[in-house]
K.L.:
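Below is a structure I'd like to ask you about.
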Amino acid sequence: MQKLKVGITHGDINGVGYEVIFKTFDNEDMLGTCTPVIYGSPKVAIYHRNSCGLQTNFNIVNSGAEAREGQLNMVNCFGEKEIKIEYGKSTEEAGNAAFVALERALQELSEGKIDVLVTAPIDKHSIQRPDFQFPGHTEYIEQRLGNGAKALMILAADSLRVALVTTHLPVSKIAENITKDGIIEKLNILHQTLRRDYAIDNPRIAVLSLNPHQGDGGLLGTEEKNIIQPAIVESFKRGIRCFGPYAADGFFGSGSYRHFDAILAMYHDQGLAPFKALAQDEGVNYTAGLPVIRTSPAHGTAFDIAGKNQADPTSFRKAIYAAIDIYHNRKRYDQAYANPLRKQYYEKRDDSDKLKLDQVGDED
């Protein structure tokens, strides 16, 4: 069986992107799991490799379609252009390099030249430009390759999965962006993602409250009573096993998260702070809900240790494994549900118990 082609963007060149990539594929066993394709600059890559005293080799190809199995491949997105590297700094040049590599990778992902995408961390400030006015990868990839589908940000590590209703928003704007319809939409995406991408047939989802102590009966806020609880009730009626809302502190502090397949948090830090406390080194960021598969490590650019050979590649390696697993789970799910049988049922008032076929249920 041909190995999956995993596209990899180099992220911000002043961070630890190349270091974790090279450390990941320094282990030759990784080349047995996939065919990796870096989108970046050979000159920048060699500079990083030398800075960290690494020995990982790579092969230059014109596109992901030419990637060779058993080797670490690189698509040169910059030709002979010189790019200035300034470890630990947020610079316009580094932001431009991150954007160019991302664009090339997304183009080849859309053309089927690679199967999945793993992105190294970007600096959200330096990458901003007229073509990229987004708070992060998630929103940009949704706009570029979503085809109208809505993205859902999930942080995952083994059985711990945390999804977010709102993502990169100022705290002052969170409450106004928590709506019943928005929660229902995220629950639908999360439920389907757990079934299709994580192979969990009948998942259990916990929903967190927005306010402390679940609003304390309205004393600390009414969003639980007026928005979150009605969204849970309606989603449950639609067949989604969702429960709550739970106060976030007690939910994580008591270990209740272990009893659920996923958790839907209302905002970024509510979900990510406990997640990273529990699984920072092994966490994976997954952009769910889209036709394409994209993962990334759960850490950022780590400017403070860039170029010092101190970066831990575990999260990046886990991101590659996750992308591969999700691809295969999704393929199996789609094959299993490609030709569903017509709905079958026993007609009421039929004493013979004879099985009937619903002649109008072909699409169910």
K.L.:
Ring of Phe243, cation from Arg204 - is the NZ or CZ under 6.0 Å from the centre and inside 45° of the axis?
P.N.:
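Arg204 over Phe243 ring: yes.
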K.L.:
Begin with the C-alpha distance, continue with both residues' side-chain angles, and end with the deciding distance and a verdict on side chain to side chain donor-acceptor pair (under 3.5 Å) for Thr35 and Arg68.
P.N.:
CA-CA 7 Å; Thr35 301; Arg68 301 176 185 174; over 6 Å; no
K.L.:
Among side-chain atoms of Thr301 and Asp12, is any donor-acceptor pair under 3.5 angstrom?
P.N.:
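The criterion, which ignores hydrogens and geometry beyond distance, is not satisfied for Asp12 and Thr301.
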K.L.:
Do Thr167 and Glu139 get their side chains close enough for a donor-acceptor pair, meaning under 3.5 Å?
P.N.:
yes
K.L.:
Whether Lys150 and Glu185 form a salt bridge (side-chain N of Lys/Arg under 4.0 Å from carboxylate O of Asp/Glu) is what I want to check.
P.N.:
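No, this pair does not count.
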K.L.:
Do the charged groups of Glu69 and Lys3 touch, with an N to O distance under 4.0 Å?
P.N.:
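Salt bridge between Glu69 and Lys3, a charged N being under 4.0 Å from a carboxylate O: yes.
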K.L.:
Do Leu117 and Thr9 come within less than 4.5 Å of each other through their side chains, counting heavy atoms only?
P.N.:
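In contact.
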K.L.:
Taking C-beta and beyond as the side chain, do Tyr140 and Leu102 meet within less than 4.5 Å on heavy atoms?
P.N.:
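Answer yes - side chains close enough.
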K.L.:
Are side-chain N/O atoms of Thr287 and Arg294 paired as donor and acceptor at under 3.5 Å?
P.N.:
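The criterion, which ignores hydrogens and geometry beyond distance, is satisfied for Arg294 and Thr287.
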K.L.:
Give, for atom OG1 of Thr119 and atom CD1 of Ile141, the distance between the pair rounded to the nearest 0.5 Å.
P.N.:
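Thr119 atom OG1 to Ile141 atom CD1 measures 6.0 Å (nearest 0.5 Å).
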K.L.:
Would Arg196 and Asp334 pass as an ion pair if we require N to O under 4.0 Å?
P.N.:
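Salt bridge flag = yes for Asp334 with Arg196.
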K.L.:
Could you tell me whether Arg49 and Glu19 make a salt bridge, using a distance below 4.0 angstrom between a side-chain N and a carboxylate O?
P.N.:
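Result for this pair is no, no salt bridge flagged.
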K.L.:
With a 4.5 Å heavy-atom cut-off, do Gln107 and Lys113 have their side chains touching?
P.N.:
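With C-beta onward as the side chain, the pair stays apart.
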K.L.:
Looking just at side-chain N and O atoms, do Asn211 and Glu224 make a donor-acceptor pair shorter than 3.5 Å?
P.N.:
yes
K.L.:
Evaluate the side-chain proximity of Ser63 to Glu108: yes if any heavy-atom separation is below 4.5 Å, no if none is.
P.N.:
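Answer yes - side chains close enough.
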K.L.:
Checking Lys43 side chain against Glu80 main chain: does a donor-acceptor pair fall under 3.5 Å?
P.N.:
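Side chain of Lys43 to backbone of Glu80: a pair is present.
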K.L.:
Decide yes or no for Ile8 and Ile21: does some side-chain heavy atom of the first lie under 4.5 Å from some side-chain heavy atom of the second?
P.N.:
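Ile8 vs Ile21: side chains touch.
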K.L.:
Output yes when Arg330 and Asp197 qualify as a salt bridge under the 4.0 Å nitrogen-oxygen rule, no when they do not.
P.N.:
yes
K.L.:
Does a donor on one side chain sit under 3.5 Å from an acceptor on the other, for Arg195 and Tyr333?
P.N.:
yes
K.L.:
Is it true that the side chains of Asp181 and Thr179 contain a donor and an acceptor less than 3.5 Å apart?
P.N.:
no
K.L.:
Given the ring of Phe99, does Arg129 sit roughly above its face, with NZ or CZ under 6.0 Å from the centre of the six-membered ring and within 45° of the axis?
P.N.:
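Judged by the rule, Arg129 and Phe99 form a cation-pi pair.
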K.L.:
Just by distance, no angles: are the side chains of Thr295 and Tyr321 close enough, under 3.5 Å, to form a donor-acceptor pair?
P.N.:
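Note: Thr295 and Tyr321 side chains miss the donor-acceptor criterion.
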K.L.:
So, Asn76 side chain and Ser41 main chain: donor-acceptor pair closer than 3.5 Å or not?
P.N.:
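Here the side-chain-to-backbone pair does not exist.
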K.L.:
Give a yes or no answer on whether the side chain of Gln71 reaches the backbone of Asn59 with a donor-acceptor pair at less than 3.5 Å.
P.N.:
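Checking the backbone N and O of Asn59 against the side chain of Gln71, no donor-acceptor pair under 3.5 Å is found.
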K.L.:
Would you say Leu210 and Ile174 make side-chain contact, with heavy atoms under 4.5 Å?
P.N.:
yes
K.L.:
With a 4.5 Å limit on heavy-atom distance, are the side chains of Asn73 and Glu66 in contact?
P.N.:
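Sidechains of Glu66 and Asn73: no contact.
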K.L.:
Between His299 and Val16, does a side-chain contact (heavy atoms from CB on, under 4.5 Å) hold up when you go through it step by step?
P.N.:
CA-CA 10 Å; His299 60 73; Val16 298; 4.1 Å; yes
K.L.:
When you compare the side chain of Val284 with that of Leu155, does any pair of heavy atoms fall below 4.5 Å?
P.N.:
no
K.L.:
Output the distance between atom NZ (Lys23) and atom CG (Asp26), rounded to the nearest 0.5 Å.
P.N.:
9.5 Å
K.L.:
Would Arg104 and Tyr39 count as a cation-pi pair here, with the cationic atom under 6.0 angstrom from the ring centre and within 45° of the axis?
P.N.:
no
